[in-house]
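Everything on this sheet refers to the single structure shown next.
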Amino acid sequence: MSELDLLNLNYATAEQARSAAMEMLADHPRGWSLPQPFYNDPSFFRLDMETIFQHEWLFVGMTAEIPSRGDYLTVEVGQNPVLIVRDGDGGIEAFHNVCRHRGSRICTQPKGKVANLTCPYHQWTYNLKGNLLYTGTAMGEHFDPQAFALRKVHCRQAGGFIFVSLTPDEPPPIDEFLSTLDEYMAPYDMENTRVAAESTIEEQANWKLVVENNRECYHCAGSHPELLRTLLEWDDTNDPRATPEFVADYERQARQWDAEGIPHRQIKFGLRNRIVRMPLKSGTQVMTMDGKTASSRLLGRIKSRELGSMRILHLPNSWNHMQSDHVIVFRVLPVSAQKTLVTTKWLVHKDAEVDVDRLTHVWHATNRQDKELAEQNQRGINSLSYAPGPYSETHEFGVINFIDWYRQALLGEG
Ligand code: 3BY
Ligand code: FES
Ligand code: FE
C-alpha cells in the first residue's frame with residue numbers, strides 16, 4: 001500500500017468499511033458529492049472493487065482488436081489479470097489470466113497472437129478454450145489435466161464491444177442493452193475496423209472522480225478549447241439548456257438520420273447504460289481541430305460525414321463517441337483508491353488512410369486536461385477541510401445520475 005493509501009486507511013476490517021459506507025450512503029443527501037472516504041480510503045476502494053468491478057459488466061475492448069484465431073488482449077481489473085481470446089471457432093472467450101499450476105500470469109503482454117496459451121513459468125500449455133493440453137512429464141502419471149482448465153470469466157459481445165463480468169455467480173442482466181447496442185452499431189460495421197491509435201494515461205485520482213468529470217461539461221468552457229470547436233456543451237437531446245436554434249438543427253439532422261436509417265433515439269437501460277446521438281456544432285463533421293473528417297473512408301454503410309456523435313455510456317467504466325469516419329472508445333480501470341488508468345482507442349475503417357495526428361489531437365488534449373482536473377479534484381478532496389458539495393441540477397445531472405447508480409450498485413439495489 002502506498003504512503004498516501006496508509007494515510008487514508010480509516011477502517012481496520014472490510015466489514016467495518018462496508019457498514020461505515022452503508023451508513024454514510026443512507027444519510028447522504030441526493031445530488032451532493034460523496035463523503036471523503038469514498039474517494040480516498042483504501043477499504044472503501046476494496047468495497048468498490050468487490051461490489052462493482054468484480055461483479056458488474058465491464059467494457060474491456062473491441063472485437064476488431066482480436067479478429068482472428070489466437071488473437072488476445074489482456075486487462076487488469078484491480079488485482080485480477082483477465083485474458084480475452086479469439087478461439088478456433090471464431091468465438092471470443094475470457095479467462096482469468098492465472099495459471100492453474102502455481103498461479104503465474106500466463107499472457108504477459110497487453111495484446112498478442114498465440115497458437116496455444118503457454119505459461120511462462122513452467123510451460124503448462126492450454127488451448128484457446130482454456131483446456132490444459134500439456135504439462136510435460138513432471139506431474140506424474142496420475143495427474144488429471146481435465147481438472148485444471150483455466151477459470152472462465154463471463155464474456156459477451158455486441159456491436160463490436162466486448163464486456164466481461166468477473167462474478168463467479170450469475171452476472172447482472174445485460175441482454176436488452178446488448179441487442180440495442182447491436183442495432184445502434186449496425187451502420188458502423190465494426191468488424192471491418194482497425195485501431196488507428198491508442199493511449200493509456202494514469203490519473204492520480206479515484207475512478208469515480210474520473211467518471212464524474214466525464215459526466216458533465218460544466219468544466220468544458222474553462223478547460224476544453226479544442227473539444228469545444230465541435231462539441232456542444234450538453235449531450236442530451238432534452239437538455240434544459242438547449243436553445244431554439246439547437247432544437248431546429250437537431251430536428252433537421254434527425255430527419256437526415258431517419259432517411260439514412262441511422263438509429264438515433266435516446267435510449268436508457270436503468271442508469272447504467274444510455275445511447276444517444278447528438279449533433280455536433282453546426283457545420284462540423286467530427287471531433288478534429290478543423291471539424292473535418294480525418295480518415296479517407298466513412299465507416300460501414302454511413303453516407304453522411306455530418307452524422308454528429310453517438311454517445312454510448314456504460315457504467316461503471318466506459319463512454320464512447322461514434323462518428324462518421326471514426327469511433328473513439330474509452331475504458332476506465334481502477335488501480336487503487338487514488339490511481340486510475342484511462343485507455344482511449346480510435347478506430348477507423350480497416351482500409352482507410354488516416355492522418356493520426358489530426359485524428360487524435362482533440363482527444364489527446366482533452367484527456368490531458370481532464371487528467372489535470374481529476375487530479376486537482378482529488379488533492380482538494382484529500383484535505384481535512386473537504387466536505388460534500390452540491391451538484392448543479394442543470395449542468396451536472398449526468399453526475400447526479402452516476403452517483404445515484406453508484407449508490408444503487410453499492411447498496412445492491414441495481
Ligand atoms: O464528451 C464527453 O465525452 C463528455 C461529455 C461532456 C463532457 N465530456 C467531455
Ligand atoms: Fe504456470 Fe507453473 S505457474 S506452469
Ligand atoms: Fe472534460
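As the structure lists them, so they are numbered: ligands from 1, and atoms in each ligand from 1.
- Aromatic ring pairs are classed by plane angle as parallel below 30°, tilted from 30° to 60° and perpendicular above 60°; the pair Tyr250 and Phe246 is parallel.
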Side-chain donor-acceptor contacts of residues 334-341 below 3.5 Å, not counting sequence neighbours, with atom names and distances?
| from | atom 1 | to | atom 2 | distance (Å) |
| --- | --- | --- | --- | --- |
| Gln338 | OE1 | Asn382 | ND2 | 2.9 |
| Thr340 | OG1 | Ala205 | O | 2.6 |
| Thr340 | OG1 | Trp207 | N | 3.2 |

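- Of all protein N/O/S atoms, those under 2.8 Å from atom 2 (Fe) of ligand 2 are His101 ND1, His122 ND1, and waters are not counted.
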(request) Evaluate side chain to side chain contact (heavy atoms under 4.5 Å, CB included) for Ile106 paired with Val98, printing each intermediate quantity in order. (result) CA-CA 6 Å; Ile106 301 168; Val98 176; over 6 Å; no
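- Looking only at N/O/S atoms, Asp370 comes nearest to the Fe ion (ligand 3) through OD1.
- With respect to the salt-bridge test (charged N to carboxylate O, under 4.0 angstrom), the residues Asp89 and Arg69 do not qualify.
- Look at Glu251 and Arg255 and you find no salt bridge, because none of the NZ, NE, NH1 or NH2 atoms lies under 4.0 Å from a carboxylate O.
- The Fe ion (ligand 3) lies at 2.8 Å or more from every N, O or S atom belonging to Cys220.
- The Fe ion (ligand 3) has an N, O or S atom of His219 inside 2.8 Å of it.
- Surrounding CZ of Arg252 are more than 12 heavy atoms belonging to other residues, nucleotides or ligands, all under 6.0 Å away.
- Between Trp319 and His314, a ring centre-to-centre spacing not shorter than 6.0 Å is recorded.
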